[in-house]
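The structure appears below as structure tokens.
Just follow the structure's listing: the first ligand is 1, and inside any ligand the first atom is 1.
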Amino acid sequence: MIENIENLRSKIRYHDGKYYVENMPEISDYEYDQLMKELEKLESAHPQLISPDSPTQRVSGEPVSEFTSIEHSIPMLSIENTYSEEELREFDKRIRRILKDVEEIEYVVELKIDGIAITLWYENGIFMRGATRGNGFRGDDVTMNLRTVKDIPLRFLCINDKVIPPVIEIRGEIYLPNREFQRLNKRREETDEPQFANPRNAAAGSLKLLNPHTTAKRPLRLFAYAFGYYENGRFTNHIECLEVIKEFGLPVNPHYKLCRDIDEVISYCNSWETKRGNLDYQVDGMVVKVNLLELHDKLGSTSKAPRWIMSYKFNPEDATTKIEAIKVQVGKTGTLTPVAELSPVPLSGTTVSRASLHNFDEIERKDIRVGDYVVVQKAGEIIPQVVKVITEKRTGSVRRFDVPERCPVCKSDVIKEKVALKCYNPLCTAQAKRRIMYFVSKNAMDIEGFGPAIIEQLVDKKIIEDYADIYSLKFDDLEPLERMGEKSARNLLDAIGKSKSRDLHCLICALGILNVGAHAAEVLSKHFGTFDKLMDTSVEELDEIFEIGEITAKSIVDFFSNSHTKDVINKLKAAGVNLSAIRKEAKTASNIAEKSFVVTGTLNGYTRKEIEDIIKNLGGKVSSAVSGKTDFLIAGESPGSKLEAAEKLGTTILSKEEFENLIKRT
Ligand code: IVH
């Protein structure tokens, strides 16, 4: 028995790591909850075997190391959850047992948003900092990223002249709308970056980015649902809290309902089981809360979760189908991805005929074989995933899938890199096709009419080998292709010609350097100004550039030192492609542009790096010592000798608030 329990625990810890730390869960929430329930059941049957480090004995998850961690003023506990109506009735009965003399117990039922829990700290109505839930007691300080979320007011709106408590914490869920999730994944597919499995992972990934600029490009949203710590506030019931949150200007999900008894709760919960499919965000269940706040205190908490709240989770929709084949796709940078081809089956409103298998280890781990019947589920209701094999349905005719030792297209040996298999042959036609598709795509050289079907034919017929060859294409190469006519061939040649004068950042992006997408390309173009300077750079120089990290720096230098790259670039040069940045009028709007700053002391709500990043992003410069050239000294608490130096030199000294006002006007 002890062995069973230990096995389950290590399984759960493994999946905790995947989910909370790596943001790459391998199993669905439902499967995870089943494991947890099994462990809880075993432990309650054998309480002598409960150990303090069992996953049931704590709120799971550890903060990642890159962010500063913040201790929560009030722990962010988890909620007990159930998939059954009976347990929901049990929850009501338990409450009535504890609150014997309370006759009517009202519940508020809300949608359970499947996103990332966060807490927001406001002082006198100003947003000071925000953190993720982390392990429930300490979370990551993600203030800079949260500041990019448009739903989070930096200052309370305060409709109805509400009195603002001096300190108030608001808790809620950050999520990425389905539409934005699909758009993001499509972009990532084009740049050969790994796909996010579902909107929740995409939201988590975006919130944990170290660069707030990248986060700002991900349209994260918020639904707030509760207060955390507050001073001098007086609230009677949960509905009132939601109303006040709205008055402060934070979005509250509109579909909450006050229910008079558990029957009403259950029927409202059930009414959302199918309706949730029409929403543009993921809802994985309902949350039932006791409305009266004084009852929360009376009910208290168990070691795991408060007794006044329960979540009622929806069973994920799934379907059974057969794996007809497992195909291997080759990406732009040579990553091999297995894809299951399925007998088409209807699932949550669409017909599913393919499912990503993520990587080859997963096929082995789940023991998926060609010909197997499998359960498929939409991860986050969008991308189909193979959940498990129905081994009882397995016949003698299933076939194990052989992990490829060679690239399925160019047949060169593949190399294992972490969980990925990669083809490193620079001449691999599968990669060449992907690279050319990327070269001509919108963010890159934006060549209209150059679709995948044309690229396929040109590469297969060996008319072109790489993207530089497109500049030597002639009318006679194009006109005979399928789906081409005289007019479209001429238009395409025209579009190819026009692309030669695109700005430098388009070309840098189009090269398809590992880790260099459209944004990094703009940064590089701005920094170097000419292509030759970029080609000549070193890892050290690149590493100095704000927004270019060491890994990207290395992949840029690796790219340019490759002999095949050199040939391709010579062809691009010979074709007359523009190799320098087109000068744009310098931005004059910023109050800070070209100004020199020194920061001293502690600034509540910002780390030193955050302040420096804000300045640099607005075009200012940051130095470490005050000199005659310093325009501003930002002085926080306990400023030290820099303040004296600035006073002597007559440098303008800004408090944190004055600095915030200055940037607001920028
Ligand atoms: S209330 C004491 N309300 O679900 C806990 N949580 O599985 C207070 N969640 O960590 C949380 N929608 O991230 C609450 N309407 C809602 C919610 C909600 C989603 C999340 C939250 C929590 C998790 C528990």
For the residue pair Q385 and H358, confirm or rule out a side-chain donor-acceptor distance under 3.5 Å.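 Distance-only check passes for Q385 and H358.
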Just by distance, with hydrogens left out, do Y175 and Q282 show a side-chain donor and acceptor under 3.5 Å apart?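 Y175 vs Q282: no donor-acceptor pair found between side chains.
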From atom 3 (N) of ligand 1, work out which of R171, K289, H255, K112 has a heavy atom at the shortest distance.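 The nearest heavy atom belongs to K289.
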Heavy-atom proximity to atom 20 (C) of ligand 1, best of R133, E173, E110, K313: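 Comparing heavy atoms across R133, E173, E110, K313, the nearest one to atom 20 (C) of ligand 1 lies in E173.
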Distance-only N or O hit between ligand 1 and I113, under 3.5 Å: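 Between I113 and ligand 1 (N or O atoms, distance only) the closest approach is under 3.5 Å.
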Atoms in ligand 1 flagged as close to I79, the criterion being non-hydrogen separation under 4.0 Å: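 Ligand 1 atoms under the 4.0 Å threshold to I79: 5 (C), 6 (N), 11 (C), 24 (C).
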Numbered atoms of ligand 1 (with element) below 4.0 Å of I309, judged on heavy atoms: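 Listed by number with element: 1 (S).
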With F127, the ring-ring contact (aromatic ring centres under 6.0 Å, His included) member among Y122, W121, F248, F156: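 Testing F127 for a ring-ring contact (aromatic ring centres under 6.0 Å, His included) against Y122, W121, F248, F156 leaves exactly one candidate, Y122.
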Record the part of [X] in heavy-atom contact with ligand 1 below 4.0 Å; permitted values are side chain, backbone, both and neither.
{"X": "P306", "value": "side chain"}
{"X": "D114", "value": "neither"}
{"X": "M76", "value": "neither"}

Might you confirm whether atom CD of E240 has over 12 heavy atoms from other residues, nucleotides or ligands at distances under 6.0 Å?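 Counting neighbours around CD of E240, more than 12 heavy atoms of other residues, nucleotides or ligands fall under 6.0 Å, so yes.
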N/O donor-acceptor pair under 3.5 Å between K112 side chain and K313 backbone: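 It does not hold such a pair.
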Between Y312 and F91, ring centroids under 6.0 Å: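 Centroid separation for Y312 and F91: 6.0 Å or greater.
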Look at the rings of H296 and W308 and say which category their plane angle falls in: under 30° parallel, 30 to 60° tilted, over 60° perpendicular.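 H296 vs W308 ring planes: parallel.
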Who's the nearest protein heavy-atom neighbour of atom 6 (N) of ligand 1, and how far?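 Closest protein heavy atom to atom 6 (N) of ligand 1: Y225 CZ, 3.3 Å.
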Would you check whether L111 reaches within less than 4.0 Å of ligand 1, judged by its heavy atoms?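 Checking ligand 1 against L111, which is what was asked, there is a heavy-atom contact under 4.0 Å.
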